[in-house]
Amino acid sequence: MKSRGFGIAASVVLLSVASAFAQQDKSAQSTIHIRDYCDPASFNAVIGPGTCVRDTSDGAITFSGFVTELGADKSVGAWRYAPGQIHVSQGTTLQLQSLGGETHTFTEVKRFGGGFVDFLNAASGNPVPAPECAQVVNGNLVPQPPSDKNIFIPAGGQATFSLEPQVVTRFQCCIHPWMRITITPKDQHHEQVH
Ligand SMILES: [Cu+2]
């Protein structure tokens, strides 16, 4: 009798664990789109072949248009993570999907900063690189190698990122430093503080 009672209790525990997992599963994925609007002809002519690979049937921004907007705004709106801010449940996996034509990085940083391209850092007002993006060696920017927390995503590419629970995380592109996203846990207390 004793062992049967234990068996039932154990089954109940197992069932609630299973349903907790099922519940978590439902909200455990969040899709982040990585976007740009590069024009292959002009980007590849200026930066090099293969820099931009995309279908332009819904339009494109030329390299000179990109530079003009960057100069005026310190950012180019069409180069972005979408959304740029999310609240997630515990144990969420990010599904990263590039809808753009250039390579971007999805890099976890402690504080937002510049990336590893001098010109884009200067033009976007981020003179100091985030250390997770680049090291400065003899005055030159040396990109950090790809890793689990520094993911290089090619045009049209996909990747996943498992978030640590209960931690605010910040990600940026190490090429285009204005591409940023802040991810906040849903039950974070500081939401109620202000
Ligand atoms: Cu980028």
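Throughout, residue positions are numbered sequentially from 1 according to the sequence presented. Just follow the structure's listing: the first ligand is 1, and inside any ligand the first atom is 1.
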Inset, instruction - State the atom name: nearest N, O or S atom of His176 to the Cu ion (ligand 1). - result: ND1
Legend entry - Minimum-distance atom from the Cu ion (ligand 1) among N, O or S atoms of His104: ND1
Inset, instruction - Give a yes/no answer: is there an N/O/S atom of Cys174 under 2.8 Å from the Cu ion (ligand 1)? - result: no
Inset, instruction - Evaluate the side-chain proximity of Ile175 to His104: yes if any heavy-atom separation is below 4.5 Å, no if none is. - result: no
Inset, instruction - Answer yes or no: does atom CG of Asp148 have more than 12 heavy-atom neighbours from other residues, nucleotides or ligands under 6.0 Å? - result: no
Inset, instruction - For Gln90 and Gln166, test the side chains for any donor-to-acceptor distance below 3.5 angstrom and give the result as yes or no. - result: yes
Legend entry - Ion pair Glu164/Lys149, N-O distance below 4.0 Å: yes
